[in-house]
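A short write-up of the structure that comes next.
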Number of protein chains: 2
Amino acid sequence: MPYRQTERVKLRLAATRVQLLKTARQIVMESGFAGLTIARLATRAGVATGTVYRYFPSKDDLCLEVFRRACDREAELAWQEARGSGPADQRLAAAIRVVATRAMEGATAAYPIVAEPAGDSLERERRVYRENWSNAFAHAIRAGITDGVFPKQDADISAACITGAILEALIAPLSQVDTARHTPRTVDGIVRFAMAGVRYPSDSEAAA
Amino acid sequence: MPYRQTERVKLRLAATRVQLLKTARQIVMESGFAGLTIARLATRAGVATGTVYRYFPSKDDLCLEVFRRACDREAELAWQEARGSGPADQRLAAAIRVVATRAMEGATAAYPIVAEPAGDSLERERRVYRENWSNAFAHAIRAGITDGVFPKQDADISAACITGAILEALIAPLSQVDTARHTPRTVDGIVRFAMAGVRYPSDSEAAA
DNA sequence: CAAAGAAATGAACATAAGTTCATTCTTTTT
DNA sequence: AAAAAGAATGAACTTATGTTCATTTCTTTG
């Protein structure tokens with residue numbers, strides 16, 4: 001029994017794996033998923049191209065994991081706010097704000113994550129991610145309807161609208177170059193718009 | 001002087017060009033820009049691959065033209081409504097509705113056009129397209145502010161929010177498979193949300 | 001009909017990126 | 001230290017597409 005993987009090696013392997021994921025994330029933040037090639041990743045991480053395949057079965061899998069890691073934390077934050085204990089409308093506003101603010105601050109990272117062209121599997125995953133956001137919003141909206149602070153409405157549609165509003169107003173412009181365009185006022189504008197959208201009834205119902 | 005391009009030939013060439021564009025559009029509607037390859041296009045249009053390059057200098061140029069043709073009509077329709085003559089709020093609602101409805105009906109192969117992963121040049125062009133929509137909305141919003149039917153607000157942000165809301169609520173799900181998910185009620189939901197967003201002031205201003 | 005110039009052709013080429021695998025280097029155990 | 005097993009390597013392979021160009025076919029004119 002001349003060789004068995006020892007603890008030390010196990011740790012080193014895990015460290016390399018994490019290193020690869022971190023490097024991949026850096027590259028994606030700089031150049032998007034389009035700029036993430038195995039060769040580039042390997043060089044930057046200081047390993048050979050073949051080595052990458054000892055840690056990830058395919059590029060797709062690698063991308064997925066990079067993506068998930070980036071997303072999980074974001075979605076969790078939104079849910080924390082949405083689930084919170086205060087009045088439903090304040091919770092919704094807080095959830096919107098946290099998503100919008102973080103997206104704005106992490107400007108470069110945000111675009112590839114939520115919008116950049118990428119492969120099929122990523123596209124599917126991205127939907128999951130957005131839906132996670134939307135679901136957090138919908139959760140708060142439903143609570144608000146129950147509590148009577150929001151009028152009756154299709155919470156899923158409103159939530160999707162909010163997600164879309166954030167992405168478009170905040171992130172889509174980043175595909176261009178003017179990163180400096182956004183200010184905290186932009187987030188305020190989005191929150192205001194979204195909250196009004198949820199809070200006020202339609203013309204017909206308002207008239208009724 | 002043994003050969004000069006005659007009128008008949010000129011027409012035939014023009015016809016082939018249009019045929020290529022139409023076929024390309026079909027392919028994009030079916031399989032997205034990712035599915036648009038020169039080989040496939042040539043085969044479907046009944047010409048050789050080399051022939052395509054007698055009509056378009058590169059695939060990028062071809063894609064751009066396909067894209068522009070699809071977009072121009074849509075943007076024009078939105079502007080028609082936004083520029084109309086009625087009250088500003090009704091114009092805005094009409095513009096939103098026309099964009100949302102047409103997208104829903106798939107009139108434009110909405111998903112590939114507004115959201116599908118594609119090359120760099122297309123991405124830039126897509127921004128232009130979305131901004132065109134947003135600008136139409138912003139136009140009506142500004143008019144509404146002037147007329148006093150909308151409270152003071154950043155028209156550009158609100159307009160971007162509207163565009164995003166439409167895309168997310170309506171089109172993004174199309175990247176999945178459940179096309180039949182949407183009903184006219186979905187459009188109503190979007191319009192309601194968007195109109196409330198523009199129409200009602202922020203909490204602080206409402207309280208003031 | 002013959003000649004000359006366009007137009008069409010499609011096989012061949014170029015490129016780029018993901019993936020493989022025979023080989024080499026490391027680590028562990030006796 | 002030697003042997004065995006694992007890990008790393010990176011050049012070569014594969015595949016997929018965009019693009020070219022020598023050749024063929026068509027169209028016009030004298």
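Atom set for the values below is all heavy atoms of this structure, side chains included, hydrogens, waters and symmetry mates excluded. First the proteins, then the strands, lettered A, B, ... as listed; each starts at 1. Every value quoted in this text rests on a predicted model; they were computed, and no experiment measured them.
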If I take atom NZ in residue B/Lys59 and atom P in nucleotide C/dA16, what distance separates them, rounded to the nearest angstrom?
16 Å
If you look at every strand shown and take non-hydrogen atoms under 4.0 Å, does B/Phe56 touch a base, only sugar-phosphate, or nothing?
nothing
Per atom distances to the A/Arg54 side chain, the nearest of D/dT28, D/dA8, C/dT9 is D/dA8
Interatomic distance where CD belongs to A/Glu7 and P belongs to C/dT27 [whole Å]
16 Å
Which of these nucleotides, C/dT19, D/dT20, D/dT9, is closest to any side-chain atom of A/Tyr53?
C/dT19
Which nucleotide in the set C/dT28, D/dT9, D/dA11 lies at the smallest distance from any side-chain heavy atom of A/Thr51?
D/dT9
A/Trp79-A/Asn132 side chain donor-acceptor pair, cut-off 3.5 Å:
yes
Just how far, in rounded Å, is P of C/dG5 from NZ of B/Lys10?
19 Å
Less than 6.0 angstrom separating the ring centers of A/Trp133 and A/Phe137, yes or no?
no
Pick base, sugar-phosphate or nothing for A/Arg12, based on heavy-atom distances below 4.0 Å to the nucleic acid.
sugar-phosphate
Length of the line joining A/Leu62:CG and C/dT19:P, which is rounded to integer Å
10 Å
Mind running salt bridge (charged side-chain N to carboxylate O under 4.0 Å, His left out) on B/Arg17 and B/Glu65 for me, showing each step along the way?
CA-CA 11 Å; B/Arg17 194 167 196 286; B/Glu65 198 157 340; 2.9 Å; yes
Indicate yes or no: at least one non-hydrogen side-chain atom of A/Asp61 is less than 4.5 angstrom from one of A/Ser58.
yes
With respect to the phosphate group of D/dA7, does any side-chain polar atom (N or O) of A/Gln5 fall under 4.0 Å of OP1 or OP2?
yes
Atom CG of B/Asp61 to atom C1' of D/dG18: distance rounded to whole Å?
13 Å
Among D/dG10, D/dT20, C/dT19, the nucleotide that comes nearest once only the side chain of A/Ala48 is considered
D/dG10
When all nucleic acid strands are considered with a 4.0 Å heavy-atom cut-off, which category describes A/Thr6: base, sugar-phosphate, or nothing?
sugar-phosphate
Do we see a donor-acceptor contact under 3.5 Å between the side chains of B/Arg91 and B/Ser85?
no
note: B/Leu13, atom CG; C/dA7, atom P; distance rounded to Å ~ 6 Å
Over how many whole Å does the gap from B/Leu41 atom CG to C/dG10 atom P extend?
15 Å
So does A/Tyr55 get a side-chain nitrogen or oxygen closer than 4.0 Å to the phosphate oxygens (OP1/OP2) of D/dA8?
yes
So which nucleotide from D/dA7, C/dA8, C/dA17 ends up closest to the side chain of A/Thr37?
C/dA17
Round to the nearest Å and state the distance from A/Arg40 atom CZ to C/dG18 atom C1'.
16 Å
Out of D/dG18, C/dT19, C/dA8, minimum distance to the side chain of B/Ile38 belongs to D/dG18
